[in-house]
J.: 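Can you read through this structure? Questions will come right after.
Below, chains carry the letters A, B, ... as their sequence lines are ordered, and counting in each starts from 1. Hydrogens, waters and symmetry mates are skipped; everything else that's a heavy atom, side chains included, is used.
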Protein chains: 2
Amino acid sequence: MSRSKRKITINDIARLSGVSKKTVSRVINDSPKVRERTREKVMAVIEEHGYTPDPQARALALRRSSLIAMVYDNPSPQYVVTMLRGILDVLEGTSFQLVMKPVDRRSDSYRQDVLRFVEQQRIFGAIMPPSVSEDQELIDMVAGAGCRHVRIASVVLDTPENTVKTHDSDGAAQAARHLAELGHRRIAHIRGPKMFRSSHERLRGFKEVLVEYGIKLDSKLILEAGYTFDTGAQRATELLRMKNPPTAIFTGNDEMALGVYNAAQKAGIRIPDDLSVVGFDDTPIASRIWPNLSTVRLPIREMGKAAAELLIRDRQPARSSPLPYVSFSPSLVVRKSTAPPP
Amino acid sequence: MSRSKRKITINDIARLSGVSKKTVSRVINDSPKVRERTREKVMAVIEEHGYTPDPQARALALRRSSLIAMVYDNPSPQYVVTMLRGILDVLEGTSFQLVMKPVDRRSDSYRQDVLRFVEQQRIFGAIMPPSVSEDQELIDMVAGAGCRHVRIASVVLDTPENTVKTHDSDGAAQAARHLAELGHRRIAHIRGPKMFRSSHERLRGFKEVLVEYGIKLDSKLILEAGYTFDTGAQRATELLRMKNPPTAIFTGNDEMALGVYNAAQKAGIRIPDDLSVVGFDDTPIASRIWPNLSTVRLPIREMGKAAAELLIRDRQPARSSPLPYVSFSPSLVVRKSTAPPP
DNA sequence: AGGCTAGGGGAAACCGGTGTCATTTTCAAG
DNA sequence: CTTGAAAATGACACCGGTTTCCCCTAGCCT
């Protein structure tokens, strides 16, 4: 193979196949108005020389780059990397590339910052996992800049389009149902911060199951924490000190479940013998810690795939699958942290 | 602020400040051959309209994009995300963007794949953490394509340039010394796979300390595992079943240390009372698990920063700091998994 | 005062694609 | 064999920068 120093361009292809560069352009863009004979002739030359159009030049002409941005605000590293894999599963082989844009929603300039970024780089599309996906104002700004977007969200947001939904309430319901089936009746829930939609959804699913099993809701058993280890441990300590403590705790994420482990350890309470625990997320720690944590797993990689396909669907030559999914269900992973109540 | 629909270009600036576009180009590129008076005039117009040059156009003209790639093969998500933060700390405010390129070194087409990617996208520079950084052939290919690179590595590699070094052996030495100081004399080491340079470095630091404390090397106490939870647990089980088991185990990473926890748990051996454990990496799990794991922490974010600065140093207007660092030392984090031998 | 040198500045081409619109080809109908 | 309209193709400008090369001007020397 002759790897000459200069990259081969559309002009070379045009010259070599005896057509104008515009026709070559039509061929590589699958324009319908090219005669079959011509197309084949041009394609042959393209194949022969392994030509691929220059993304930069194309970006300039189209006033739109082939960059896809992942805009996120501090989800767990596991989440970020897994979703990234899913996205790249789809982008692989296309000319799209993934650029990372971590943001801090607490900063008040963050929307401006994202907007500048998107305009400056002429980003093709943005993928936004929670909690960025919940910022409707940002979404509007980004869309206004002519940048596509797909949101990952646990609920239907203000505008239902461009969203990959995760049925968080269902996941929570599976967790709660598992505990109820084991015979637990005093089940506590340590929920995440009210500012995250996911925490509402998970709480909702939890409550539904209580109703389903005719368990009376005890508001003292539903505490709010910050989705962190420390706050989780704190709330757990409070729960375990109650005169009539719960026999099971379902937490809004794994991080807080580990806090529960910690509190239980300190209080000399054994898991699962004295206390059952279920988390949410299936982080790697869940299967490393002892006893292995039962938890709810989200198909994050699949969600990333779906998001990417949604984003590029009408740009790239239609892929085989007809993009059937927009909604994903979590699954309960039962491990060793749950048992019948003592 | 007047956000007109059309973006302002170099032509607008040239017209408005009464000079040619080439002169504007000179100004934005800090060319020395512009009279001070002219520069100020042009800068004023640029400021007034908040003009920034279009990255795509510039990329086309320069035949070099402003994309920095992170090429990695499956380090821990924590590692990836933390390094990414460090890199973006530096890239923030520049026109550089970070694109992700996960690879699989076991695939035999992976070098070709990376090369195509780098050529196609005209990547400005690549940052390669271990173990990709250890693939000299890939490095050569990438460099040959006119793409800069910086490697993150635990040792001096074949070519010492463009490398951010981490003193892994020193970290291991700190860990071993801590155990020796506590009085341990039968100290085992579960090392990582021989194919990773880091595992050699860590072993080396470990051995140095044994010599330092006059502890005779017992080859049965040095086992190789796969840097994974399962293999770590396996080796630990073997160690604990010895007729004269070690009183302390230093593992090549945290993941394997968790395996040790698991094995100890199953064998009814208490940490740290019966067995001390030290890991390497300071993953989030280390401070979540019970008892908290003593481990060695790498300044990953700082390393990411250094790598990025190294990469773009002579392109961007010199930043304040004179890039003093190329080598980083880990630090031992003492937690609850270590105690004097029983 | 005239001539020389060097640096500031500009016109035009170029990077590698796409859009517009005119022109040529093709082919069915007359 | 025309004719005409639709289909296919091409010429050329343009996207927004940089590079090449040449000209102009100012300052210095003789």
Side-chain angles (χ1 to χ4, degrees), chain A residues 4-43 45-46 49-67 95-96 119-122 124 146 315, chain B residues 4-43 45-46 49-67 95-96 119-122 124 146 315:
Chain A
S4 70
K5 54 210 68 176
R6 223 177 55 73
K7 242 174 97 172
I8 187 159
T9 75
I10 196 173
N11 294 301
D12 303 323
I13 300 298
R15 187 165 31 74
L16 291 169
S17 51
V19 299
S20 74
K21 58 193 286 197
K22 181 61 207 180
T23 297
V24 177
S25 171
R26 289 199 181 92
V27 170
I28 59 188
N29 286 296
D30 283 315
S31 161
K33 30 176 50 181
V34 176
R35 208 181 326 176
E36 196 49 38
R37 210 170 54 215
T38 314
R39 179 188 308 283
E40 280 167 10
K41 188 172 57 178
V42 174
M43 280 307 284
V45 179
I46 289 179
H49 294 79
Y51 164 75
T52 44
D54 182 315
Q56 328 289 343
R58 192 178 249 180
L60 179 58
L62 288 172
R63 287 177 218 56
R64 184 70 37 214
S65 77
S66 52
L67 261 30
S95 62
F96 289 104
E119 287 184 333
Q120 188 64 39
Q121 300 292 326
R122 302 185 188 279
F124 178 83
R315 257 274 292 216
Chain B
S4 69
K5 55 210 68 177
R6 223 176 55 72
K7 242 174 98 172
I8 189 159
T9 75
I10 196 172
N11 294 300
D12 303 323
I13 300 296
R15 188 165 31 74
L16 291 169
S17 51
V19 299
S20 74
K21 57 192 288 196
K22 177 59 205 176
T23 299
V24 178
S25 172
R26 288 197 182 94
V27 170
I28 58 186
N29 287 297
D30 283 314
S31 159
K33 28 175 54 179
V34 176
R35 210 177 321 174
E36 196 49 40
R37 211 172 51 219
T38 313
R39 179 188 307 283
E40 280 168 9
K41 189 173 58 178
V42 174
M43 280 307 284
V45 178
I46 288 179
H49 294 79
Y51 164 75
T52 43
D54 182 313
Q56 326 290 345
R58 190 178 250 181
L60 178 58
L62 288 173
R63 287 178 221 54
R64 184 67 39 215
S65 78
S66 52
L67 262 29
S95 61
F96 289 104
E119 286 184 335
Q120 187 63 37
Q121 300 293 326
R122 299 182 188 283
F124 177 83
R315 255 276 292 218

J.: Quick one: salt bridge (Lys or Arg N to Asp or Glu O under 4.0 Å) partners of Arg26(A), sequence neighbours excluded?
T.: none

J.: Name the nucleic acid region contacted by Asn29(B), choosing base, sugar-phosphate or nothing; use a 4.0 angstrom heavy-atom cut-off, strictly under.
T.: sugar-phosphate

J.: Does any non-hydrogen side-chain atom of Thr52(A) lie less than 4.5 Å from one of Lys7(A)?
T.: no

J.: Report yes if some heavy atom in the side chain of Lys41(A) is under 4.5 Å from a heavy atom in the side chain of Val27(A); otherwise report no.
T.: no

J.: Look at all strands and tell whether Lys22(A) reaches a base, only sugar-phosphate, or nothing, counting heavy atoms closer than 4.0 Å.
T.: base

J.: Which part of the nucleic acid does Val19(B) contact within heavy-atom distance under 4.0 Å: base, sugar-phosphate only, or nothing?
T.: sugar-phosphate

J.: Quick check for you: to the nearest 0.5 Å, what is the distance between Ser20(A) atom OG and Lys22(A) atom NZ?
T.: 8.5 Å

J.: Let me know the distance between CZ of Arg63(B) and C1' of dT19(D), rounded to the nearest Å.
T.: 9 Å

J.: Check the distance between dC14(D)'s C1' and Leu60(B)'s CG and give it to me in whole angstrom.
T.: 12 Å

J.: What about Lys7(B), does its side chain sit under 3.5 Å from the base of dG16(D) through a donor-acceptor pair?
T.: no

J.: Round to the nearest Å and state the distance from Gln56(A) atom CD to dT18(D) atom C1'.
T.: 15 Å

J.: What are the 5'-most and 3'-most nucleotides of DNA chain C lying under 4.0 Å from any heavy atom of chain B?
T.: dG8(C) to dG16(C)

J.: In residues 34-42 of chain B, which ones come under 4.0 Å of DNA chain C, going by heavy atoms?
T.: Val34(B), Arg35(B), Thr38(B)

J.: Under 4.5 Å between any side-chain heavy atoms of Tyr51(A) and Asp12(A), yes or no?
T.: no

